[in-house]
Structures are given as C-alpha cells and as structure tokens.
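Basis for what follows: all heavy atoms, side chains included, without hydrogens, waters or symmetry-related copies.
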Amino acid sequence: MKMESVKMCETHPLYKQAIQRKKDLYKRRRDLRSEFGRDYTRIVYSQGYRRMKHKTQVFFAIKDDHVCTRNEHVNLVESISYTIANELGLNTELTKAIAVGHDIGHAPFGHGGERILSEISKKYGLDSFWHEKNSLKFVDDIELLEDDFHNEYNLNLTYAVRDGIISHCGEMNQKYIQVRKENIDLKDYRYAGEYNPFTYEGCVVKMADKIAYLARDIEDALRLNVLDIQKVKDLKDELNQVSDFQFYTINNGSIVNYFIHDVINNSSIEKGIGLSDEAFIIMKKIMKFNYQNIYLINRVDVHKKYVSLILYSLFDLLYSYVKKEDVIKSLKQDMNTYPKLISHYLSWIEKYAEVKGYDREERYQNNIIYHFDNELERTQSIIDYLSGMSDDFIIKAFNELISF
C-alpha cells in the first residue's frame with residue numbers, strides 16, 4: 001500500500017475539488033454509494049455504455065463473439081486498473097468509474113472512424129475530432145439519465161472522473177505518468193495527451209489502457225488469420241532477449257500479468273505510475289509489432305475506404321437538410337425514405353438543440369448544446385450524432401441510402 005497517502009479520498013487535500021460537480025446531484029434515501037461509486041453506476045446505466053458492445057476495438061463489424069469490442073476493452077481496463085490501484089492503496093472506485101467511461105465517446109469503426117470524423121470536422125470549419133475529448137462531451141452533455149418522474153438529466157459527473165476520461169490517451173509512450181499539479185478547465189484541452197491526469201488513479205487508468213490492448217489485439221489477429229503464429233513466436237523470442245524474464249507464450253493473460261506486476265513494483269509517489277526500463281522496452285516492442293503487423297497492413301486501407309464512404313455519405317445527406325431554412329420540416333418530409341437515420345436524428349435534435357419555432361418536451365432537463373441559428377453548431381450536431389452510433393446501427397443507416 002505504498003501510495004495510500006495520496007489516495008483520492010476524504011483525507012486528500014484536493015478531495016473537494018475532485019468530487020466537484022457542475023450542479024448539485026440529488027440524493028436518494030439510504031444511498032450506499034460514494035461520490036465516485038455514483039459516477040460508476042451513472043456511466044454503466046447510460047445508453048452510450050450499452051452501445052460500446054457493438055463498437056469496434058480493432059476489427060470492425062465482426063460477428064465472432066470472441067473478438068474484442070469496445071465494451072470488452074473498457075472492462076479489461078477496469079479490471080487491470082482495479083488490480084493495480086488496489087495493490088498500491090489507491091481509490092479503486094475512482095479507477096472503475098474512469099475506466100468504464102474512458103471510451104464512451106469513441107467513434108464507430110475504431111480509430112479509422114475517428115480519423116474520418118476528424119477529417120470531415122476540419123473540412124467544415126470545426127475543431128479536430130479526437131475520442132478523448134468526445135468522451136468528455138458525451139459524459140458532460142450527451143448521455144442522459146431518467147429520474148423517478150421520467151425527466152432526463154445530464155450525468156453530471158465529478159471532476160476527477162471527467163478529468164480521467166479526457167486525460168487517458170493510451171497511445172502515448174510514457175515510462176512514468178506523474179499527476180498534474182494545476183487545476184484546469186477541462187474544456188481547455190487542445191489535443192489528446194496535452195496534460196497528465198489530475199489524480200494518481202487517472203494515471204493508473206491511462207497506463208492500464210495501454211496494457212489492455214497490447215496482447216488482446218494479437219489474440220484477435222491470430223483468430224481472424226490476420227497474423228501468422230510464427231510471427232508471434234518470433235516476437236516472443238525477441239522479447240525474451242531483453243531480460244532474464246522469459247515469456248512462454250504471448251497471450252493476454254501472460255502480458256497483462258507481466259505488466260501489472262511491473263507497474264506495481266515500479267510506481268511511487270515521487271516517480272508516478274510507471275514501468276521498469278525492461279518493461280518499457282518490451283511495451284514499445286509489442287506496440288511496434290502491432291503497428292507493423294496489425295494496424296498498418298494493406299487490409300486496413302480497404303477498411304479506411306469503406307469507413308470513409310459510410311461516414312461521408314451519411315454526413316453529406318444530413319448536411320443537405322441542416323442547410324435548409326426549416327430543418328425539422330425538411331427532415332420529416334423524407335422520414336419514409338430514410339426512417340432509421342432521420343427518426344433518430346430528429347430525436348437527437350429534440351434532446352440537444354434549440355430550433356426556432358419548435359419547443360422541446362419538458363422532460364428534457366439537460367443542457368442545450370446546439371443553437372440551430374448557428375451554422376457551425378448545426379454541423380457539429382451531425383458529427384456528434386454519427387460519433388455516437390454503433391457499428392451495427394451505422395451500417396443499417398447507410399444501407400437505407402443504397403436501398404430502393
């Protein structure tokens with residue numbers, strides 16, 4: 001329990017800031033949960049969390065039950081970060097909440113979808129799209145929960161959980177992750193990984209995010225015949241030359257176990273959450289192997305073109321409507337032509353937009369985030385709508401465009 005003195009709990013000097021919410025949260029009678037425990041359940045009860053079961057991790061729209069989805073990935077990150085935090089004496093309720101929410105705003109089709117949405121965003125004068133920022137937007141403004149009277153409200157999470165979500169960038173090569181000292185407005189983030197997390201628990205999740213996908217992606221690539229087993233054996237031999245530690249196989253269990261122990265043994269208050277020299281080399285070697293043999297292979301090019309066709313086609317269609325003077329009327333006129341796409345987009349507008357001449361239902365007590373008299377905000381509504389879709393749903397929506 002060598003880091004228990006910096007555990008984010010009632011005795012921590014920054015605890016009040018860590019549990020701060022934008023608005024007061026209602027209290028239930030005899031509620032047994034801590035502030036971070038409430039955040040955890042608010043996230044797992046949300047629709048965005050449910051949709052992750054049909055969102056790509058690496059291999060998209062796969063009907064194989066044993067191929068990793070975005071939902072499985074966040075659960076793996078939750079498990080790994082829990083074990084590390086528990087052994088270090090940190091707050092496991094906080095790591096659990098950050099972990100299950102960290103990818104809630106991830107685009108459909110994984111990082112390929114993320115790149116295409118960013119491309120479209122910049123083309124139309126919007127900020128670049130990156131999933132860490134979008135995940136913060138989803139927990140702040142998009143995901144809603146219903147109260148006892150059927151009114152819907154924003155999740156209204158604590159600062160520490162929101163911070164851990166936007167600060168999680170798992171693609172960065174950091175041997176040690178030290179906590180950020182300054183208090184910042186999380187809306188000021190300009191790019192992924194700009195700041196370290198505000199809590200050691202957030203640092204644990206950031207490290208766990210990398211650990212979770214290293215060997216899991218290799219397992220899926222083998223299962224789908226993207227990888228040859230001999231290449232994995234060669235990787236094992238290369239890793240075994242780094243130190244006295246010997247891997248008998250390269251699979252999720254062996255890799256996760258190795259890194260969990262290394263992080264626990266090498267993390268400290270002074271250095272932060274980190275790795276030994278040996279483990280850092282091994283992590284970089286596995287990541288390099290994955291990029292060369294999984295993420296950047298020729299089949300990814302075909303995938304990119306497919307994703308681009310779907311996202312551009314759906315965006316272009318919806319953009320043709322939002323440019324019209326009476327957006328709602330125009331959409332409703334073509335409801336029968338594109339029933340799934342338009343009906344859900346109309347629901348999106350009703351929940352989150354202010355449109356002249358149209359009133360929202362009183363049950364929507366959440367933030368208005370689009371003002372439809374502003375062209376950029378109309379355009380942003382389409383990007384956000386597309387980013388929330390699961391792979392399955394977006395393919396069904398696209399099929400409406402090519403079916404007669």
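A cation-pi arrangement is present between R38 and Y26, with the terminal nitrogen or guanidinium carbon under 6.0 Å from the aromatic centre and inside a 45° cone about the axis.
A donor-acceptor pair under 3.5 Å is formed between the side chain of K133 and the backbone N or O of S128. K2 places a side-chain N or O within 3.5 Å of a backbone atom of I264 that can act as its donor or acceptor partner. S135 contributes a side-chain N or O that, together with a main-chain N or O of H102, makes up a donor-acceptor pair within less than 3.5 Å. Side-chain N or O atoms of D39 include none that pairs as donor or acceptor with a backbone N or O of A97 at under 3.5 Å. Side-chain atoms of E350 never come within 3.5 Å of backbone atoms of Y345 as a donor-acceptor pair (strictly under, hydrogens ignored). Not one N or O on the side chain of R360 forms a donor-acceptor pair closer than 3.5 Å with the backbone of E354. Y352 contributes a side-chain N or O that, together with a main-chain N or O of I142, makes up a donor-acceptor pair within less than 3.5 Å.
Looking at residues two or more places apart in sequence or on another chain, you find no side chain to side chain donor-acceptor pair (under 3.5 Å) involving Y176. In this view, K96 and E78 satisfy the salt bridge (Lys or Arg N to Asp or Glu O under 4.0 Å) rule, not counting sequence neighbours. Partners of N367 according to the side-chain contact (heavy atoms from CB on, under 4.5 Å) rule, which considers only residues two or more places apart in sequence or in another chain, are K23, D141, N154, I369. Every side-chain contact (heavy atoms from CB on, under 4.5 Å) that E4 has, sequence neighbours left out, goes to M1. E219 is linked by a side-chain contact (heavy atoms from CB on, under 4.5 Å) to R216, N251, N252, counting only residues two or more places apart in sequence or in another chain. Taking the salt bridge (Lys or Arg N to Asp or Glu O under 4.0 Å) definition, one finds that R42 meets it with nothing, sequence neighbours left out. In this structure, the salt bridge (Lys or Arg N to Asp or Glu O under 4.0 Å) partners of D103, at least two apart in sequence or on a different chain, are R70. For K22, the side-chain contact (heavy atoms from CB on, under 4.5 Å) criterion is met by D140, N156, R162, K187, not counting sequence neighbours.
With contacts defined as side-chain heavy-atom distances shorter than 4.5 Å, the pair F109/I116 does not qualify.
For A397 against L341, the heavy-atom pair with the smallest separation is CB-CD1, 4.1 Å. Pairing each heavy atom of I104 with each of G48, the nearest pair is CG1-C, 3.7 Å.
Ring-plane geometry between W348 and F138 is classed as tilted, the angle between the planes lying from 30 to 60 degrees on a 0 to 90 degree scale. The aromatic rings of H344 and F393 sit perpendicular to each other, their planes meeting at more than 60°, with 30° as the lower class boundary. Using bins of under 30°, 30° to 60° and over 60° for the plane-to-plane angle, the ring pair F315/Y319 lands in the parallel bin. Between Y195 and Y189, the ring-plane angle classifies as perpendicular under the 30° and 60° cut-offs. Ring geometry for Y213 against H73 counts as tilted: the plane angle lies between 30° and 60°, on a 0 to 90° scale.
Between E93 and R33, no side-chain nitrogen of the basic residue sits less than 4.0 Å from a carboxylate oxygen of the acidic one, so the salt-bridge criterion is not met.
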Return all side-chain donor-acceptor pairs below 3.5 angstrom for residues 83-90, not counting sequence neighbours, or 'none' if the list is empty.
from: T83; atom 1: OG1; to: S79; atom 2: O; distance (Å): 3.1

Atom pairs and distances, donor-acceptor, side-chain atoms in residues 303-310, under 3.5 Å, two or more places apart:
none

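Residue pairs meeting the salt bridge (Lys or Arg N to Asp or Glu O under 4.0 Å) criterion with at least one partner in residues 105-124, sequence neighbours excluded, are absent. Each side chain to side chain donor-acceptor pair (under 3.5 Å) pair with one or both residues in residues 43-54, not counting sequence neighbours, appears once here: Y49-N75, R51-E143, H54-D392.
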